[in-house]
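To start, the structure itself, in structure tokens.
Quick note on labels: first sequence line is chain A, next is B, and so on, each numbered from 1.
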Amino acid sequence: MLDVAFVRANLDAVKLNCANRCVVADVDRIVTLDDERKRLITETQKKQQRANEVPKLIAKEKDPTTKNQLIAEGKTLREEISALEKKQKQIEADLDAVLMTLPNMTHPDAPIGQTSDANRVIKKVGEPRNFDFPPKDHVALVEALDLADFEAGASVAGQKFYFLKNEAVLLELALVQYAMQTLLARGFTPIITPDLARVEVLEGIGFMPRDPNPETRQVYTIADTDLCLVGTAEITLGGMHRHQILDTAKLPLKYVGLSHCFRTEAGAPGRDTRGLYRVHQFTKVEMFAYCLPEQSEEIHLELLAIEEQIFQGLGLAYQVIDTCTGDLGGPAYRKYDLEAWMPGRGTGGEYGEVTSTSNCTDFQARRLNIRCKAAGQKGTRFVHTLNGTAVACTRALVAILENYQNADGSVTVPEVLRPWVGKERIAR
RNA sequence: GGAGAGGUGGCAGAGUGGUUGAAUGCGUCGGUCUCGAAAACCGAUUUACCCGCAAGGGUAACGAGGGUUCGAAUCCCUCCCUCUCCGCCA
């Protein structure tokens with residue numbers, strides 16, 4: 001969420017930003033509603049001031065007639081204040097609703113464009129492997145090597161669920177270990193988060209679990225509760241410190257969280273329907289940082305560097321994407337994606353998204369009410385929050401299986417994962 | 001899940017309807033004293049918002065949200081959380 005004062009002071013910039021990010025929002029209405037809100041507050045406070053005086057007078061008043069008059073006045077004041085507060089609440093709800101539609105501001109260097117076509121490739125690392133045999137896609141590999149059971153997944157939980165089997169299980173656990181160890185070495189605090197979170201937390205992060213349209217709602221909600229299955233540990237890691245004032249000296253806080261992720265994948269029908277690429281549940285190791293505003297750009301680059309380190313370590317070719325305005329989503333100020341080469345994707349291989357790291361500046365912190373304060377100093381500031389994928393297991397599995405396959409149908413285990421997988425080659 | 005207790009300022013801990021934003025202690029910061037320090041003494045020590053060019057003035061908040069009342073940290077309701085005991089379980 002943006003600061004109302006900021007919006008008022010930068011009306012044109014906010015409107016341009018909305019246009020760049022393909023968001024339709026009634027920015028002018030924010031000013032109108034905010035004016036009305038302030039007017040109501042001022043009026044309420046005047047009445048409240050009198051309402052505070054009256055009881056004190058009553059306590060001292062001896063004359064019964066005057067006393068009764070004061071009691072009557074107090075009664076009237078209470079009714080008036082109550083009515084004003086009701087009005088104020090409504091205005092604030094309206095204002096909030098408009099503010100909720102506004103996306104975060106955008107980094108000046110982010111590419112401007114409506115669709116993913118405008119995303120900018122800023123770096124390519126590693127060469128897509130040349131095969132001297134026709135490479136299989138991961139679905140074929142998984143079937144041949146008995147690494148997953150999609151039919152059982154569909155039978156038990158429905159389309160886009162799966163059972164991992166055999167070495168795929170070991171690979172997933174190895175990926176988690178590998179990512180965790182990499183982040184631990186960089187001073188991140190390891191966390192295992194809840195897989196469920198309250199609706200308010202989801203909303204604070206920028207999800208819309210109350211979206212009445214099931215076609216666009218991204219998350220599963222739990223019937224008869226105010227809980228949702230988390231789509232990413234970003235939600236829980238970001239919610240972890242909500243309503244807190246953090247000590248400036250202890251920032252940045254860097255966490256590496258492990259959780260399952262659940263996504264309805266509504267609105268993505270027909271896309272990547274096969275295999276592990278787009279599924280309703282997967283395991284993910286996620287980085288999350290809370291920091292001072294002046295630290296966030298540097299940390300964003302650090303998160304990107306870590307993602308690159310992890311995929312370089314896995315020996316996978318990838319490209320780095322600077323995401324364009326139209327593709328940023330609501331909370332991100334800037335977003336980099338890593339796309340790994342996937343030989344089985346499309347015809348003849350394509351890059352497929354494996355990680356994503358966003359600098360959300362104070363957009364989430366404002367909604368989640370996470371501030372920081374220097375000891376001994378007056379005043380607080382909203383922190384900046386950042387997130388980034390360390391490893392999304394299923395996507396990484398796709399890339400590993402397809403890139404490490406051999407002519408004989410076996411798959412070589414990436415060297416960094418061997419300590420946990422316990423073998424060099426997966427074969428049947 | 002059942003029974004009970006409880007959630008007050010950085011911490012500890014008073015306060016059960018009337019100048020209580022909140023005693024007291026500790027901590028922290030500033031000052032006096034001192035060559036310096038300790039001790040002692042004095043003072044300060046939350047956050048958000050509104051009005052105002054400013055100085056300054058005001059409103060709100062005692063887990064959260066409602067309610068009763070002229071007046072609520074104090075009474076009532078709902079929710080969240082913590083603790084103890086029992087049950088259950090990995």
In whole angstroms, how far is the C1' atom of B/C49 from the CD atom of A/Glu85? 13 Å
Should the side chain of A/Gln45 and the base of B/G58 be counted as holding a donor-acceptor pair, with the cut-off at 3.5 Å? yes
For B/U19, does either OP1 or OP2 sit under 4.0 Å from a side-chain N or O belonging to A/Asn52? no
NZ/NE/NH1/NH2 to OD/OE distance under 4.0 Å, A/Asp28 and A/Lys15: yes
I'd like to know if the side chain of A/Gln364 pairs up with that of A/Thr385 as donor and acceptor (distance under 3.5 Å, no hydrogens or angles considered). yes
Taking only side-chain N and O atoms of A/Arg37, does any of them lie within less than 4.0 angstrom of OP1 or OP2 on B/C50? yes
Do A/Arg37 and A/Leu33 have side-chain heavy atoms sitting under 4.5 Å apart? no
Nearest-nucleotide comparison on RNA chain B, the residue closer to the 5′ end among A/Gly74 and A/Ile245: A/Ile245
Parallel, tilted or perpendicular: rings of A/His280 and A/Tyr220 (30°, 60°): perpendicular
Does a nitrogen or oxygen in the side chain of A/Thr44 sit under 4.0 Å from OP1 or OP2 of B/C50? no
Using a heavy-atom cut-off of under 4.0 Å over every strand shown, decide if A/Leu70 touches base, sugar-phosphate, or nothing. nothing
Would you kindly compare A/Val54 and A/Lys46 by the position of their nearest RNA chain B nucleotide and give the one closer to the 5′ end? A/Lys46
